[in-house]
Enquirer: 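Dumping the structure here so I can ask a few things about it.
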Amino acid sequence: MRFREELVLNILAPREAVWAALQDFSSWPGWAKAIKEVSRVGSAWRFKARGQPPVDLVWVAEATERRPPEFLAFQSVPGIPHNLEISGWLRLSETEEGGTHLELLLEGHPHYDSPLLDKAADWYATLFGEPNKLLKVTFEQFKEHLEKTHSQRELSATST
């Protein structure tokens, strides 16, 4: 089963700060409850997220197009073990209030070596909305983390 998720968020932080935080993949496990670990694999990044026991969601993706600080396209890297095939893009634009408008499109499907596991993953995703739910929760946590960090920086800048 293929999934497609479109997500739109407005974040009360400058676009450059949002871009920098998105690119700091190694910090993701610190603010995203579902992300267990992130590691570098050549030019790509390997993400391991808490799925429904006993299976974690694992994807390995790399940028296919980058235009800092406004656009990033990405896709899974073939030949590296993973169980979630993804592709998509992310666009950041400035809001009139000085914040950032984030648009994200993510498409994918489970990818297991076993046809039986592929069918089970399809069935599970149909019933429970994984990984769509994971994506929404993770980016809501990203927004919360970034807005908190940005407001703390603003407070310390005004108090000096």
Enquirer: Which heavy atom of Ala63 sits nearest to which heavy atom of Leu72, and what is that distance?
Expert: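 It is CB-CD1, 3.6 Å.
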
Enquirer: Which value, rounded to the nearest 0.5 Å, describes the distance between Glu85 atom CD and His109 atom NE2?
Expert: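 These two atoms lie 4.5 Å from each other.
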
Enquirer: Could you give the distance from OG1 (Thr100) to CD (Glu147), rounded to the nearest 0.5 Å?
Expert: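 It is 9.5 Å, given to the nearest 0.5 Å.
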
Enquirer: Just verifying a value: how many Å separate Leu134 CG and Ile35 CD1, rounded to the nearest 0.5 Å?
Expert: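 Going from CG on Leu134 over to CD1 on Ile35, the span is 5.5 Å.
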
Enquirer: Is there a path of hydrophobic side-chain contacts, each under 4.5 Å between heavy atoms, that joins Phe139 and Val38?
Expert: yes

Enquirer: Atom CD of residue position Glu70 - does it have more than 12 heavy atoms of other residues, nucleotides or ligands inside 6.0 Å?
Expert: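 Yes, the 6.0 Å shell around CD holds more than 12 heavy atoms from other groups.
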
Enquirer: For a quick test of reading the model, state the closest non-hydrogen atom pair linking Ile86 to Ala61 and the distance between them.
Expert: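 Where Ile86 meets Ala61 most closely, the heavy atoms are CD1-CB, 4.0 Å.
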
Enquirer: To the nearest 0.5 Å, what is the distance between CD (Glu140) and CG (Leu135)?
Expert: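 So the CD of Glu140 and the CG of Leu135 are separated by 10.5 Å.
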
Enquirer: Is a side-chain donor-acceptor pair under 3.5 Å present for Gln75 with Thr64?
Expert: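 Looking only at side-chain atoms, Gln75 and Thr64 do not form any donor-acceptor pair under 3.5 Å.
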
Enquirer: Roughly how far, to the nearest 0.5 Å, is the CZ atom of Arg50 from the CG atom of Leu57?
Expert: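 So the CG of Leu57 and the CZ of Arg50 are separated by 11.5 Å.
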
Enquirer: For Phe71 and Trp89, take the angle between the two ring planes, folded into 0 to 90°, and tell me which bin it lands in: parallel under 30, tilted 30 to 60, perpendicular over 60.
Expert: parallel

Enquirer: Show me the donor-acceptor pairs, under 3.5 Å and distance only, between side chains in residues 7-25 and residues at least two apart or in other chains.
Expert:
{"unit_1": "Asn10", "atom_1": "OD1", "unit_2": "His101", "atom_2": "ND1", "d": "2.8"}
{"unit_1": "Gln23", "atom_1": "OE1", "unit_2": "Arg66", "atom_2": "NH1", "d": "2.9"}
{"unit_1": "Asp24", "atom_1": "OD1", "unit_2": "Ser26", "atom_2": "OG", "d": "3.3"}
{"unit_1": "Asp24", "atom_1": "OD2", "unit_2": "Ser27", "atom_2": "OG", "d": "3.3"}

Enquirer: Please round to the nearest 0.5 Å and tell me the distance separating atom CH2 of Trp59 and atom CZ of Phe74.
Expert: 10.0 Å

Enquirer: Please list, one pair per line, the donor and acceptor atoms closer than 3.5 Å that link side chains of residues 92-99 to other protein atoms, with sequence neighbours excluded.
Expert:
{"unit_1": "Thr95", "atom_1": "OG1", "unit_2": "Glu97", "atom_2": "OE1", "d": "3.4"}
{"unit_1": "Thr95", "atom_1": "OG1", "unit_2": "Gly99", "atom_2": "N", "d": "2.8"}
{"unit_1": "Thr95", "atom_1": "OG1", "unit_2": "Gly99", "atom_2": "O", "d": "3.3"}

Enquirer: With a cutoff of under 4.5 Å between side-chain heavy atoms, which Ile, Leu, Val, Met, Phe, Trp and Tyr residues group with Ile80?
Expert: Val41, Val60, Val77

